[in-house]
Colleague: 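After the structure tokens below, expect a handful of questions from me.
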Amino acid sequence: KNRLGPVLNGIVGRKAGTIEGYNYSPANRASAVVWDEAALQPYLRDPRAAMPGTKMIYAGLRNDPDFADLFADLRRFGADGKVNP
């Protein structure tokens, strides 16, 4: 379910700002970003620097091993919420 943020299932490979029913910032909707490791790493380190105008409130993830763990977890789930093979 969309809550404070959009559903993250299937985020890897998805264009930013495209989950139906979530009220994205104009910056996010208008971006050409497709979420992959190269796009997510700077965004999760400092969302407002990576995408000026985003409404994401997040202090940032500074630790590389923590990012690697988070990205591995995000990559595991398809858009349907099921674990990818």
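We use all heavy atoms of the structure for the numbers below, so side chains are in, but hydrogens, waters and symmetry mates are not.
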Colleague: I'd like to check Q41 versus D36 (side-chain heavy atoms, cut-off strictly below 4.5 Å). Are they in contact?
Modeller: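 A side-chain contact under 4.5 Å is absent here.
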Colleague: Hey, does the side chain of N2 reach the backbone of V7 with a donor-acceptor pair shorter than 3.5 angstrom?
Modeller: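 It does hold such a pair.
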Colleague: When hydrophobic residues are tied together by side-chain contacts of less than 4.5 Å, even through go-betweens, does Y58 share a cluster with M51?
Modeller: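 They do share one cluster, since a chain of ILVMFWY contacts under 4.5 Å joins Y58 to M51.
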Colleague: Given a cutoff of under 4.5 Å between side-chain heavy atoms of I, L, V, M, F, W and Y, with clusters grown through shared members, what are the other residues clustered with L4?
Modeller: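 None, because no other hydrophobic side chain comes under 4.5 Å of this residue.
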Colleague: If I take atom CE from residue M56 and atom CG from residue D46, how far apart are they, to the nearest 0.5 angstrom?
Modeller: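 Answer for the CE-CG pair, M56 versus D46, is 10.5 Å.
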Colleague: Does anything in residues 27-47 form a ring-ring contact (aromatic ring centres under 6.0 Å, His included)? List the pairs, not counting sequence neighbours.
Modeller: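 Sorted result for residues 27-47: W35-Y43.
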Colleague: Indicate the atoms forming the closest heavy-atom contact of A39 with V33, along with that distance.
Modeller: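 That would be CB-CG1, 3.9 Å.
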Colleague: Does any pair with a residue in residues 3-26 pass salt bridge (Lys or Arg N to Asp or Glu O under 4.0 Å), and if so which ones, sequence neighbours excluded?
Modeller: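 Every pair satisfying salt bridge (Lys or Arg N to Asp or Glu O under 4.0 Å) with a residue in residues 3-26: there are none.
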Colleague: What are the two closest heavy atoms between A27 and P52, and how far apart are they?
Modeller: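 It is CB-O, 3.2 Å.
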Colleague: Kindly compute the distance separating NZ (K1) from CG (N9), expressed to the nearest 0.5 Å.
Modeller: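 Between K1 NZ and N9 CG, I get 14.0 Å after rounding to 0.5 Å.
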Colleague: I'd like to know if the side chain of N28 reaches the main chain of T54, judged simply by a donor and an acceptor atom lying under 3.5 Å from each other, with no hydrogens or angles considered.
Modeller: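 Checked: no pair found.
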Colleague: Which atom pairs, donor and acceptor, lie under 3.5 Å between side-chain atoms of residues 66-81 and protein residues at least two apart or in another chain?
Modeller:
residue	atom	partner	partner atom	Å
D73	OD1	R76	NH1	3.4
D80	OD1	K82	N	2.9

Colleague: Which residue pairs satisfy the ring-ring contact (aromatic ring centres under 6.0 Å, His included) criterion with at least one member in residues 5-33, sequence neighbours excluded?
Modeller: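 Counting only pairs at least two positions apart or across chains, the ring-ring contact (aromatic ring centres under 6.0 Å, His included) contacts touching residues 5-33 are Y22-Y24.
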